Structures are given as C-alpha cells and as structure tokens.
Amino acid sequence: MQQFDVVVIGAGPAGSHCAGLLAKAGYQVLLVEQHDSFSQNNYSSAASPLEILEQFDLPHSVVAQFWRKLELVSSAVSHTWESKKSLGVVFDFAKLRQFLADRVEKQSGKVWMGYRYLKYEKISDQTIVYLKKKGEEITAIATQILVDATGYARAVMYPDKNKRQPFFKATGIEYLIEVDQVTHQKYSETLVFFLGYQWSPRGYSWIFPMDQNQLKIGSAWIDAEHKYLKKLKPLRDYTKSIIQDYLKLDQYKLIEIHGSALEYSSGLDDIYYQENIVAIGDAVSTVNFLGGEGIRHGMKGAEIAFSHIDHYLQNQTSTFVKYETEMKKIFTEKWNFSEKINRKVYLDYSDQKIDLGVSYLKYLKLEDVMDILFNYKFDKMYRGIYPYLLKKFTQLSVFLQKWLGRSQSNL
Ligand SMILES: Cc1cc2nc3c(=O)[nH]c(=O)nc-3n(C[C@H](O)[C@H](O)[C@H](O)COP(=O)(O)OP(=O)(O)OC[C@H]3O[C@@H](n4cnc5c(N)ncnc54)[C@H](O)[C@@H]3O)c2cc1C
C-alpha cells in the first residue's frame, strides 16, 4: 500500500495551495480530485482584488482579465467608480487550478485526477483512505494526515449527508458568453454588480469580463425565504434578463452554463479537525457570504493549516486545536458581520431600501468601496451618509427657497 505524509482531498484553490506548500516543505503529498480535468467544474466567477497575485505568487497567465472599474446597479440607481490602475483580476478558474496542481507536481508531490474519495478508516495507528477511479478497482492508501478540501461537500468531515447540520445555503449560476468586440470593450475592465428585485432578488447578479471577447454573466441567491418576495422566477431567468434586457444582446455565442452551491456554517460552526484530519477552505466556510468571494480566503486558510500540519508532522504538537483558534481569530468577527448584512440586504430589504442604499453608496470614494467589498471594513459605509444627507439638505433648502419665494410673491 502506498504511504503518504499528507493526503489532500479536493483540488480547489485551498486544497491545491495547501498541497503545494507541504510538497515544497519536503513532505510526501498526494492531492486527489474527483474530476478528470479542471474544465469539468469551472464554476467560479473567480474575481479577486489585485493583491492576490503577489500574496500567493500567481502568474499573469492564469488571469483572464484585469479590472479597474466597479459598477453598482439597482432597480432605479446606478453608479460607477473608476481607477487609473488595475484594481483586481478575473481568473480563468480552470487555468488557476491547473497552475496550482502543476505547482504541487513541480515540488515532487503527486496529483491524482479522476479519483473520488469514498471513506477513510483507522486501522491500528494508520489512517487508510479509499479512493475510486471510474472503471477501476477501489484503491487504498495510507497517510499520517488527511485534509478535507472538498469545498461545500465536506465529504470527509460529514460522510453522512443526512447527519449534517443545517447550513446557510446559496446557489449560483453563470453563463459564459462570447460577445461582439464593441460590447466586450465596454465591459472589459469593469465588474458590474446588480442588486434589487429587478435584476437579482434574494442575492446579486454580475457581469465579469473574460478574455477572448467573453463575459461571465451570473446570478446567485440565498436559498431562504424573503421577507416580501414570495414567488420568484427560476434563477437562470434573472441571468438571461441581464443578457437580454440590460446588455440588450440579440446575438451572442453561449459557450457554457455552469453553477454551483455554497454552504456556509453560521457563526463558523464547522468541524475544523478530528484527531489527524483537518478541514480547509469552503469546508470550514472561508468563503465570505457577503459577495461569495472565497478563493483568496480559502488559500489564506490553507497557509494557516499548512503551518499547523507542519508542526504536527514534526512532532511539535499532537492536536489541531490551535489551528481552529487561529482561523476563528482571523475570520469570525468579519464573517459574522458579513453574514448579518447578507441576511438583511438579500432577504429583508424592500427594493426601495436597496435603491436608497445604492444612492448613498454613490457618495463613497473608490478606496472606501474597495475596503467594504474586499476587506469587509463596514464602518466605511457610514462615510457615504454625510455627503448624501448634505446633498439632500442642499436640495431641500433650494426647493424651500424657491417655494418660499413663490409663496412670498403670491402675497
Ligand atoms: C457561482 C459562484 C461564483 C463565485 N465567484 C467567486 C468570485 O468571483 N471570486 C471568489 O473569490 N470566489 C468566488 N466563488 C467562491 C469560490 O469559488 C470558492 O469559495 C472557492 O473555490 C473555494 O475553494 P475550495 O478549494 O475550498 O473548494 P472548491 O473550489 O469547491 O474545491 C473543492 C474540490 O473538491 C473536489 N471534491 C469534492 N468532493 C470530492 C470527493 N469526494 N473526492 C474527490 N474530490 C472531491 C471538487 O470536485 C472540487 O474540485 C464563487 C462561487 C460560486 C458558486
């Protein structure tokens, strides 16, 4: 039976990054992915702020497009913020994961594509992992550490789907389309986010630019009841409406439709470890539920897990309790607040309230919007209220002056 120091299940950004770091540190690592290729589950819109490239040493070859503008559109209001320099990237998600998996192999780790994790069992002091490749016999391998990086599936930590706690769920769907050059040019440097009942009730929709005249048009919503909206169209109808009614595209080439679920544990109440088994990435809710950004955070969590796995394998610790503590220290406060805002805006707000929110977000500077969206600094939201109120006050006093002037002349 083949023996490894660490077996990582799931070659998403978190699993592959963790496996790469462990391989670089000299451990015998196996990274296992159920799909034969990364184009089979190319589900993520994969937008990130620019710092992700440097933070995780990622090359430009995995970037489909750089963006420098942000646009927010609600039913009645819209606004664009613009920078001269690039603010972020949209990855080609398949290329990103291929690059990360290749990095594991470059560091002499092993990557097994097309192998599905079935179960593990403990036999004396060994952890035996069972994997199945289509059309082949079950393979058993032994490992010192087993990592659950299977995303929302949490296949290792929660083997019985019926025994899972209730998660806070969201569903996303995305159309990858090829458009004419003029349309592509118009959106090639912009992330457009849609809020509100017309474009995206119970969540948000988006237009993200890709290379080769392609755009990603998507919608995601929370799988929970809305305070006011009881009957909605199917999710994909909102995506199609952005293509037809917002972009007004009669002709485009549909390249693929993909989508996926996200399952988030409220209060980060996930299982982070069980003896020598460790969970990372979306398997411990590193995805931020405000905007569904998860690549950067999954990779950050993977780095934290790496250092604790390293200590464990060097016999400097016999438990992962400190891993959970460190993760919670970094994520809990901001993630709890993001979830709160998510529930309010996506499930409780009327359309008018969303329009009103966008109206005063217009008064924020680009740096503040970036800080709110990507660093979850929600205190910055209030910076828009004062200019907004000042403008409203000025409008009101102009109106009153005119009105009073008219009233006086009538006397
Ligand atoms: C529609 C949508 C749009 C998104 N857009 C963005 C965005 O713009 N920016 C951003 O940062 N994040 C985005 N996200 C979130 C982001 O993609 C995830 O948070 C991130 O991919 C999580 O990484 P991960 O490695 O933890 O898990 P995943 O990427 O989910 O990877 C888990 C891997 O485990 C494999 N696996 C599962 N079960 C098994 C098994 N039994 N055996 C073997 N392998 C298994 C899966 O096939 C998968 O490859 C989006 C998510 C969705 C659904």
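Worth knowing before you read on, the calculation uses all heavy atoms, side chains too, and leaves out hydrogens, waters and symmetry mates. Numbering of ligands and ligand atoms starts at 1, following listing order. Just so you know, these numbers come straight off a predicted model, no measurement behind them.
If you look at S16 next to ligand 1, there are no close heavy atoms at all, none under 4.0 Å. By the criterion of a heavy-atom distance under 4.0 Å, the side chain of N41, and not its backbone, is placed next to ligand 1. Residue contacts with ligand 1 for A170 are absent, since no atom lies close enough (heavy atoms, distance under 4.0 Å).
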Are E225 and K230 close enough, and set up right, to give a salt bridge (charged side-chain N to carboxylate O under 4.0 Å, His left out), and what steps lead you there?
CA-CA 7 Å; E225 200 168 312; K230 298 300 167 209; 3.2 Å; yes

Start with the C-alpha distance between E293 and Y376, add both sets of side-chain angles, then the distance that settles side-chain hydrogen bond (donor to acceptor under 3.5 Å, both in side chains), and finish with yes or no.
CA-CA 11 Å; E293 193 204 339; Y376 318 111; 3.3 Å; yes

Report the C-alpha separation of S39 and N42 in whole Å, then their side-chain angles, then the decisive distance to 0.1 Å, and conclude whether the side-chain hydrogen bond (donor to acceptor under 3.5 Å, both in side chains) test is met.
CA-CA 5 Å; S39 56; N42 204 7; over 6 Å; no

Assess whether salt bridge (charged side-chain N to carboxylate O under 4.0 Å, His left out) is satisfied between E51 and R296, documenting all intermediate values.
CA-CA 9 Å; E51 61 257 32; R296 207 166 36 120; 3.6 Å; yes

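Residue contact check: G281 has heavy atoms under 4.0 Å from atoms 26 (O) of ligand 1. In the vicinity of V287, heavy-atom distances shorter than 4.0 Å reach the ligand 1 atoms 19 (O). Close approach to Y115 involves these atoms of ligand 1, each under 4.0 Å from a residue heavy atom: 43 (C). Atoms of ligand 1 lying under 4.0 Å from at least one heavy atom of F93, given by number and element, are 21 (O). Interface atoms of ligand 1 facing H35, defined by a heavy-atom separation under 4.0 Å, are 47 (O). Listed by number with element, the atoms of ligand 1 under 4.0 Å from a non-hydrogen atom of A47 are 7 (C), 8 (O), 9 (N), 10 (C), 11 (O). In summary, the atoms of ligand 1 found under 4.0 Å from a heavy atom of I9, numbered by their order in the structure, are 42 (N), 43 (C). Of all atoms in ligand 1, numbered sequentially from 1 with element shown, those under 4.0 Å from a heavy atom of F208 are 8 (O).
Using a 4.0 angstrom heavy-atom cutoff, G259 does not count as in contact with ligand 1. Heavy atoms of A149 come nearer than 4.0 angstrom to ligand 1 in at least one pair. The shortest heavy-atom distance from G218 to ligand 1 is not under 4.0 Å. Heavy atoms of E33 come nearer than 4.0 angstrom to ligand 1 in at least one pair.
For K328 and E324, the salt-bridge test passes: some basic side-chain N is under 4.0 Å from an acidic carboxylate O. Taking the charged nitrogens against the carboxylate oxygens, E137 and K132 have no contact shorter than 4.0 Å, which rules out a salt bridge.
Checked by atom type, the side-chain pair E256/Y175 shows no donor-acceptor distance below 3.5 Å. Counted by atom type alone, E174 and W206 present one or more donor-acceptor pairs between their side chains at under 3.5 Å. Inspection of the N288 and K334 side chains reveals no N or O donor paired with an N or O acceptor under 3.5 Å. E121 and Y130 are linked by a side-chain donor-acceptor pair at a separation below 3.5 angstrom, with hydrogens and angles left out of the test. Between D245 and S241, the side chains place a donor N or O and an acceptor N or O closer than 3.5 Å (distance only, hydrogens not considered). Between the side chains of E303 and H17, at least one donor N or O lies within less than 3.5 Å of an accepting N or O. Between the side chains of D5 and T143, not a single donor N or O lies within less than 3.5 Å of an accepting N or O. In summary, the side chains of S219 and T239 do present a donor paired with an acceptor at a separation below 3.5 Å, with no hydrogens or angles considered.
Remark: minimum distance from atom 18 (C) of ligand 1 to any protein heavy atom is reached at D282 OD2, 3.3 Å. Looking from atom 16 (C) of ligand 1 to the surrounding protein, the closest heavy atom is S44 OG, 3.8 Å. Of all protein heavy atoms, the one closest to atom 27 (O) of ligand 1 is G151 CA, 3.6 Å. Counting only heavy atoms of the protein, atom 42 (N) of ligand 1 lies nearest to Y117 N, 2.9 Å. From the protein, the heavy atom lying nearest to atom 31 (O) of ligand 1 is G12 CA, 3.3 Å. In terms of protein heavy-atom proximity, atom 34 (O) of ligand 1 is closest to G10 CA, 3.2 Å. Atom 25 (O) of ligand 1 has A14 N, 3.0 Å as its closest protein atom, hydrogens excluded (heavy atom only).
Taking all heavy atoms of F38, Y152, W112, Y43 into account, the minimum distance to atom 28 (P) of ligand 1 is reached by Y43. The closest heavy-atom contact to atom 23 (O) of ligand 1, among the options A11, P13, S260, comes from P13. Across P159, G15, S45, heavy-atom proximity to atom 5 (N) of ligand 1 is greatest for S45. The heavy atom nearest to atom 45 (C) of ligand 1, considering only Q34, Q40, H258, is found in Q34.
Aromatic ring pairs are classed by plane angle as parallel below 30°, tilted from 30° to 60° and perpendicular above 60°; the pair F289 and Y264 is parallel.
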